[in-house]
Amino acid sequence: MSDSNTLPQPKSGVMDIAIYVPGKSNVPSGVKLHKLSSNESPIGASPHAIAAIADVTSKMEDYPDGSSSALREAIAEVHGLNANNIICGNGSDEILSLLANTYLSSGDEAIFTEHGFLVYRIATLAAGATPVVVKEQDCKADVDAILNAVTPKTKLVFLANPNNPTGTYLPIEEIRRLHSNLPGHVVLVIDAAYAEYVRRNDYESGVEMVSANSNVIMTRTFSKIYGLAALRIGWAYGPRHMIDALNRVRGPFNVNAAAIAAGSAAIRDKVHLERSIVHNDEWLVKVTQMLQELGLEVTPSVGNFVLVHFPENSNKTAAGADQYLTERGYVLRMVGGYGFPNALRMTIGSKEANLGALAALREYMS
Ligand SMILES: *Cc1c(COP(=O)(O)O)cnc(C)c1O
């Protein structure tokens with residue numbers, strides 16, 4: 001009876017999805033783990049966010065507020081936005097999937113770049129639509145390549161700015177040029193998961209572009225600089241008509257009560273945010289320099305991670321380094337799935353983790 005013709009068949013596209021492999025967190029027993037594989041915060045969560053969770057534990061029998069009002073209002077207050085233009089999600093991953101499920105049908109195309117965030121491909125295929133992957137220039141999104149890939153079937157463009165795992169970004173003028181040449185019915189998704197880390201005068205997260213246009217939406221996360229990855233909190237700022245459509249598709253209680261409470265407190269804690277920024281500013285520069293001193297090529301990053309390229313035609317490989325470092329407790333991220341078979345992505349960690357990982361890598365390279 002288990003003839004495959006009689007089994008339920010997933011819709012087209014689903015079996016083309018490569019299962020997302022999260023950053024590793026296992027090291028040999030007895031070895032202290034320093035996880036530098038998922039761009040998590042070495043500073044941790046705001047103490048106010050931790051305290052806010054305590055109030056939730058006494059009433060866990062109640063459903064959360066299905067519209068995440070307190071969280072949307074906190075975000076709106078801090079960013080100077082209208083709460084009606086914000087939607088919250090179970091991580092920004094959920095919002096990326098909602099966008100795909102809301103705007104893509106079978107036969108439609110979604111464009112993203114060759115080293116773009118893997119969730120774009122998963123969300124597109126899961127929606128039954130067709131991924132269109134375009135080349136980058138020097139590990140950077142190429143606006144002309146994206147525009148050249150637009151067809152009458154294009155419905156969405158996903159662009160991470162800055163991008164993970166490359167750490168590169170496009171100046172806001174380039175994003176404006178991209179948008180101004182897209183047809184009005186194409187949604188431009190600006191995924192600004194790392195916006196808080198960027199220290200560049202020509203960078204903007206996309207808030208003003210959303211405010212000024214009817215087909216641009218910006219996604220953000222509490223998983224990175226806010227140190228709340230475990231709670232799964234993301235949000236998007238978009239035009240009212242898009243937020244309205246996404247709200248129809250999302251689950252009625254898609255953000256849990258602990259996430260709403262912790263996120264609302266975290267986003268108001270400016271002191272904690274500033275501490276996290278200062279730490280990253282210092283260690284992004286130091287880690288980059290130290291890697292370069294080992295003779296490794298580092299893609300210039302504006303995020304909280306760096307992409308490290310190992311030399312071609314050498315026995316010092318990314319896979320070899322990964323094994324050597326993991327045995328010593330330093331877990332970086334293999335990025336073959338992102339089109340970098342001989343590179344590792346290293347999250348900017350604590351001072352101890354950064355220096356330890358660099359020392360182990362120096363041993364490996366010598
Ligand atoms: C980490 C990351 C996210 C955030 O995902 P969450 O679901 O909010 O944890 C989104 N986009 C990019 C590019 C990322 O690297």
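Just so you know, these numbers use all the heavy atoms, side chains as well, and skip hydrogens, waters and symmetry mates. Counting starts at 1 for both ligands and their atoms, following the listed order.
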Subject >> Atom indices of ligand 1, in the order listed, that fall short of 4.0 Å to a heavy atom of S223 >> reply: 6 (P), 8 (O), 9 (O)
Original post:
Between Y120 and F117, how do the two ring planes meet: parallel, tilted or perpendicular, split at 30° and 60°?
Top reply: perpendicular
Subject >> Face-on cation placement of K316 at Y364 ring, 6.0 Å and 45° thresholds >> reply: yes
**OP:** Establish, yes or no, whether a centroid distance under 6.0 Å links the rings of Y330 and H34.
**Re:** yes
Original post:
Is the closest N or O pair between N39 and ligand 1 shorter than 3.5 Å?
Top reply: no
**OP:** For N164, counting its heavy atoms only, list the atoms of ligand 1 lying under 4.0 Å from any of them.
**Re:** 13 (C), 14 (C), 15 (O)
Original post:
If you count the atoms of ligand 1 from 1 in the order shown, which ones are under 4.0 Å from a heavy atom of Y194?
Top reply: 1 (C), 14 (C), 15 (O)
Original post:
H115 vs F340 aromatic rings, parallel, tilted or perpendicular, using cut-offs 30° and 60°?
Top reply: parallel
Original post:
Can you find an N/O atom of T221 closer than 3.5 Å to an N/O atom of ligand 1?
Top reply: yes
**OP:** Quick one: list whatever passes salt bridge (charged side-chain N to carboxylate O under 4.0 Å, His left out) with D108, sequence neighbours left out.
**Re:** K155
Subject >> Salt-bridge present (K286, D281; N to O < 4.0 Å) >> reply: no
Original post:
Against heavy atoms of A193, which atoms of ligand 1 measure under 4.0 Å?
Top reply: 2 (C), 3 (C), 10 (C), 11 (N), 12 (C), 14 (C)
Original post:
Nearest to atom 4 (C) of ligand 1, what protein heavy atom do you find, and at what distance?
Top reply: S92 OG, 3.1 Å
Original post:
Does a side-chain N-to-carboxylate-O contact under 4.0 Å join E196 and R220?
Top reply: yes
Subject >> Contacting atoms of ligand 1, where contact means under 4.0 angstrom from a heavy atom of K224 >> reply: 1 (C), 2 (C), 3 (C), 4 (C), 14 (C), 15 (O)
Original post:
Atoms of ligand 1 less than 4.0 Å from R232 heavy atoms?
Top reply: 6 (P), 7 (O), 9 (O)
Original post:
Measuring from the heavy atoms of D191, does anything fall under 4.0 Å of ligand 1?
Top reply: yes
